[in-house]
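So the structure is just underneath, and the comments pick up after that.
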Amino acid sequence: MRYDLVIFDNDGVLVDSEPISNRLLAAYLTELGHPTSYEDSIRDYMGSAMHRIHDLVLERTGRRLPDDFDDVFHTRVFAAFKRELEPMPGAVEVLEKLAADGVPYCVASSGSHARIRVGHRKTGLDRWFGEGRVFSSEDVGRGKPAPDLFLYAAERMGVAPERCVVVEDSPLGVRAAVAAGMDVYGFTGMTPAAKLAGATQLFGDMGELAGLLG
């Protein structure tokens, strides 16, 4: 293994949550008078921390989202996760291989700690991510594309940034990893390869990842 730490994004990498959350986000924004299609949501918000949604809506419309926007959205998302969420195909096998080889890994997600935990409990991934392996944009001042979250995760795991590799599926996440001075493997399962052009390497099947990292 040429890396000392593998940092996973969560949504769309470990859990198949992007279709669920973007469907609900588009519907909720439309309900609030900001017409948004599923495709719009994927393009504009995939990989974003919640504050970026607020910032973009305000910038584009001059109107602020309701104070309870995050709470209402998360309630809807958590309920859908408990019904529908599944691990990404191949994710468990990658984690099994890293654990068997003794390779340190963690998750660093734009989502809240509560969102990460709800998804991991539903999919059974919580067994792989105990205390000290889960990092959220809530832990830092700025979410992706700022490098803060990845740098924070590396610091907490005791690994220098240049010895880390990030597994990401969003343009914002790739930008954040590059800004952190880390290699980044771009997962093209939902994202066109051209949008992840800054990645160190691209791959389209999570089953390929363990071999690529080795």
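We number each residue from 1, following the sequence as shown. Everything numeric in this text was worked out from a predicted model, so none of it was measured.
Side-chain contact between F203 and L209 is present, with at least one heavy-atom pair separated by less than 4.5 Å. M182 places none of its side-chain heavy atoms less than 4.5 Å from the side chain of V165. A heavy-atom distance below 4.5 Å is not found between the side chains of F187 and L196. No side-chain heavy atom of L32 sits under 4.5 Å from any side-chain heavy atom of R63.
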side-chain contact (heavy atoms from CB on, under 4.5 Å) between T191 and M46: does it pass, once the steps are laid out? CA-CA 10 Å; T191 308; M46 183 170 155; 3.3 Å; yes
Could you check S110 against D11 for side-chain contact (heavy atoms from CB on, under 4.5 Å), going step by step and ending with a plain yes or no? CA-CA 9 Å; S110 293; D11 295 293; over 6 Å; no
Apply ring-ring contact (aromatic ring centres under 6.0 Å, His included) to residues F135 and F150 and explain how you reach the verdict. CA-CA 9 Å; F135 306 102; F150 291 142; over 10 Å; no
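The shortest non-hydrogen separation linking S109 to G111 is OG-N, 2.9 Å. Between V184 and A177 the shortest heavy-atom distance is CB-CB, 3.7 Å. Scanning all heavy atoms of the two residues, the minimum distance from S17 to F81 falls at CB-CZ, 3.6 Å. Contact between P104 and M157 at its shortest, heavy atoms only, is CB-CE, 4.5 Å.
Taking the charged nitrogens against the carboxylate oxygens, K122 and E84 have no contact shorter than 4.0 Å, which rules out a salt bridge. Salt bridge present: D9 and K144 bring a charged side-chain N and a carboxylate O closer than 4.0 Å. Using a cutoff of 4.0 Å between basic side-chain nitrogens and carboxylate oxygens, D40 and R43 are scored as salt-bridged. Taking the charged nitrogens against the carboxylate oxygens, R142 and D148 do have a contact shorter than 4.0 Å, which makes a salt bridge.
Summarising the local packing, CZ of R60 is surrounded by more than 12 heavy atoms from other residues, nucleotides or ligands at distances under 6.0 Å. By the neighbour-count criterion of 12 heavy atoms within 6.0 Å, atom CG of D68 is densely surrounded, having more than that number from other residues, nucleotides or ligands.
With hydrogens and angles disregarded, a donor-acceptor distance shorter than 3.5 Å links the side chain of R163 to the backbone of R2. Of the possible polar contacts, none joining the S137 side chain to the A49 backbone as a donor-acceptor pair under 3.5 Å is found. Side-chain N or O atoms of D205 include one that pairs as donor or acceptor with a backbone N or O of G207 at under 3.5 Å. No donor-acceptor pair under 3.5 Å is formed between the side chain of T200 and the backbone N or O of Y185.
S21 pairs in a side-chain contact (heavy atoms from CB on, under 4.5 Å) with only one of the listed residues (R76, R115, H74), which is R115.
A donor-acceptor pair shorter than 3.5 Å can be found between the side chains of S41 and N22.
Taking OH of Y45 as the start and OG1 of T36 as the end, the distance is 5.5 Å to the nearest 0.5 Å. Of the inter-residue distances, the one linking F8 atom CZ with M88 atom CE reads 12.0 Å to the nearest 0.5 angstrom. Note that the CD atom of E18 and the CZ atom of R23 stand 12.5 Å from one another [nearest 0.5 Å]. Distance check, rounded to the nearest 0.5 Å: CD of E168 to CG of N10 gives 10.0 Å. One distance of note links CD1 of I116 with CG of L125; it measures 12.0 Å at 0.5 Å rounding.
With ring centers used as reference points, F129 lies under 6.0 Å from Y105.
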